[in-house]
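We're numbering straight along the sequence, starting at 1.
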Amino acid sequence: MALATFGAGCFWGVEYFFKQVDGVANCVCGYMGGNDQYSSYADVKAGITGHAEVVQVEYDPNKVSFNALLEIFWKNHNPTTLNQQGEDVGDQYRSSVFFHDALQQKQAQLAKQAVIDSKKWGNKPIVTEIVPIEQFHEAEAYHQDYLAKNNLPSCHISF
C-alpha cells in the first residue's frame with residue numbers, strides 16, 4: 001500500500017471523490033502544514049493555524065496509480081483560486097499536493113504543467129502548491145465519512 005495526500009478545499013468532498021476509486025483502501029480527513037499537531041477543527045477553520053484541510057489516501061499502486069489519483073484531484077476542484085474553493089475561503093482550503101517521495105513530487109509537477117499547458121483554465125495561473133509532507137494529524141471522528149454519515153451529496157463540483 002502507498003499514501004498520497006491532497007488538499008482541495010473542504011476535506012469532506014475530497015474524501016468523497018477518492019473513496020469512489022477502485023484501489024483506494026482508505027481515506028482519512030485531517031490537517032497538514034500547520035504550526036502544531038494538536039489544532040482543533042475550530043482553530044483550523046478559523047484560519048489561525050496554517051494547516052490545510054487534507055485527505056490522506058491509502059491506495060494499492062497495483063490497482064490505481066498515483067497519476068490516476070492526480071487526475072481525480074485536478075478534475076474535482078478549481079486550482080486557480082488561491083486559498084478558496086467555492087464558498088470556502090482561507091488558506092486552510094488551499095490547493096495542495098503533499099508528496100511522500102521524489103517520484104510523487106516529479107509526477108505532481110508534470111501533472112501540474114500538463115494542466116497549465118492544456119489551457120483548460122485559460123490564462124489563469126494554477127496556484128496549486130506541491131510540497132513535501134509535513135506532520136499529519138487526523139481530524140475529529142465526526143469528520144470521517146461525514147457526507148455518508150449525514151446522507152449528503154458531495155460538496156465539490158467536478159470541472
Side-chain angles (χ1 to χ4, degrees), residues 1-34 41 44-45 47 51-61 63-100 103-134 136 138-139 142-159:
M1 299 303 276
L3 291 176
T5 306
F6 301 99
C10 172
F11 47 33
W12 300 336
V14 178
E15 176 192 44
Y16 173 83
F17 58 75
F18 281 115
K19 280 196 164 214
Q20 310 306 310
V21 178
D22 185 36
V24 169
N26 194 30
C27 293
V28 178
C29 293
Y31 314 113
M32 187 171 280
Y41 177 69
V44 173
K45 187 167 177 62
H51 289 91
E53 286 193 14
V54 300
V55 172
Q56 195 154 78
V57 179
E58 182 181 10
Y59 67 100
D60 182 345
K63 292 184 177 180
V64 62
S65 68
F66 181 67
N67 279 325
L69 297 177
L70 284 167
E71 287 179 31
I72 293 162
F73 167 77
W74 293 112
K75 183 178 169 184
N76 285 284
H77 80 293
N78 182 341
T80 69
T81 53
L82 184 62
N83 299 330
Q84 178 180 358
Q85 288 299 308
E87 299 298 314
D88 295 324
V89 178
D91 70 343
Q92 68 272 30
Y93 301 114
R94 62 190 178 268
S95 175
S96 308
V97 177
F98 289 91
F99 60 86
H100 289 253
L103 181 58
Q104 281 189 356
Q105 178 184 20
K106 182 178 181 179
Q107 289 174 324
Q109 289 169 335
L110 290 170
K112 180 177 178 179
Q113 189 59 52
V115 170
I116 293 167
D117 293 345
S118 77
K119 297 291 187 191
K120 175 181 180 176
W121 299 97
N123 291 324
K124 294 180 183 176
I126 303 301
V127 297
T128 303
E129 62 179 11
I130 299 171
V131 294
I133 60 165
E134 297 183 33
F136 172 79
E138 192 170 319
Y142 72 92
H143 289 295
Q144 311 306 323
D145 295 311
Y146 183 87
L147 296 177
K149 287 177 190 173
N150 293 284
N151 198 28
L152 297 170
S154 171
C155 54
H156 274 65
I157 298 171
S158 294
F159 292 93

Euclidean distance, [Y] [atom2] relative to [X] [atom1], rounded to 0.5 Å:
{"X": "Ile116", "Y": "Thr80", "atom1": "CD1", "atom2": "OG1", "value": "11.5 Å"}
{"X": "Asp88", "Y": "Arg94", "atom1": "CG", "atom2": "CZ", "value": "14.0 Å"}
{"X": "Glu129", "Y": "Asn83", "atom1": "CD", "atom2": "CG", "value": "8.5 Å"}
{"X": "His143", "Y": "Phe11", "atom1": "NE2", "atom2": "CZ", "value": "4.5 Å"}
{"X": "Ser118", "Y": "Gln113", "atom1": "OG", "atom2": "CD", "value": "10.0 Å"}
{"X": "Lys112", "Y": "Ser95", "atom1": "NZ", "atom2": "OG", "value": "8.0 Å"}

Quiz item: Hey, is the main chain of Asn78 close enough, under 3.5 Å, to the side chain of Gln85 for a donor-acceptor pair?
Solution: yes

Practice problem: Answer yes or no: is there a donor N or O on one side and an acceptor on the other, between the side chain of Gln144 and the main chain of Cys29, under 3.5 Å? | Solution: yes

Quiz prompt | Side-chain heavy-atom pair Val24, Leu69 within 4.5 angstrom cut-off | solution = yes

Using every non-hydrogen atom in the two residues, find where [X] and [Y] come nearest and quote the distance to one decimal.
{"X": "Glu15", "Y": "Val55", "value": "N-CG2, 3.5 Å"}
{"X": "Glu53", "Y": "Val44", "value": "CG-CG1, 4.4 Å"}
{"X": "Tyr93", "Y": "Cys10", "value": "CD2-N, 3.7 Å"}
{"X": "Ile133", "Y": "Met32", "value": "CA-SD, 4.0 Å"}
{"X": "Cys27", "Y": "Lys19", "value": "SG-CG, 3.8 Å"}
{"X": "Asp22", "Y": "Val64", "value": "O-CB, 3.6 Å"}

Quiz prompt | Aromatic plane relationship, Phe18 with Phe6 - under 30° parallel, 30 to 60° tilted, over 60° perpendicular | solution = parallel

Quiz item: Should the pair His77 and Phe73 be assigned to parallel (<30°), tilted (30 to 60°) or perpendicular (>60°) ring geometry?
Solution: tilted

Practice problem: For Thr128 and Trp74, run side chain to side chain contact (heavy atoms under 4.5 Å, CB included): C-alpha distance rounded to whole Å, both residues' side-chain angles, the deciding distance at 0.1 Å, then the answer. | Solution: CA-CA 10 Å; Thr128 303; Trp74 293 112; 3.3 Å; yes

Quiz item: With sequence neighbours left out, what residues match Leu3 under side chain to side chain contact (heavy atoms under 4.5 Å, CB included)?
Solution: Gln56, Glu58, His100

Quiz item: Can you name the residues that form a side chain to side chain donor-acceptor pair (under 3.5 Å) with Glu134, not counting sequence neighbours?
Solution: none

Practice problem: Using a cut-off of 6.0 Å, state whether more than 12 heavy atoms not belonging to Asn123 lie near its atom CG. | Solution: no

Quiz item: Around Gln20, counting heavy atoms of other residues, nucleotides and ligands shown, do more than 12 lie under 6.0 Å from its CD?
Solution: yes

Quiz item: Are the aromatic rings of Phe136 and Phe98 close, with centres under 6.0 Å apart?
Solution: no

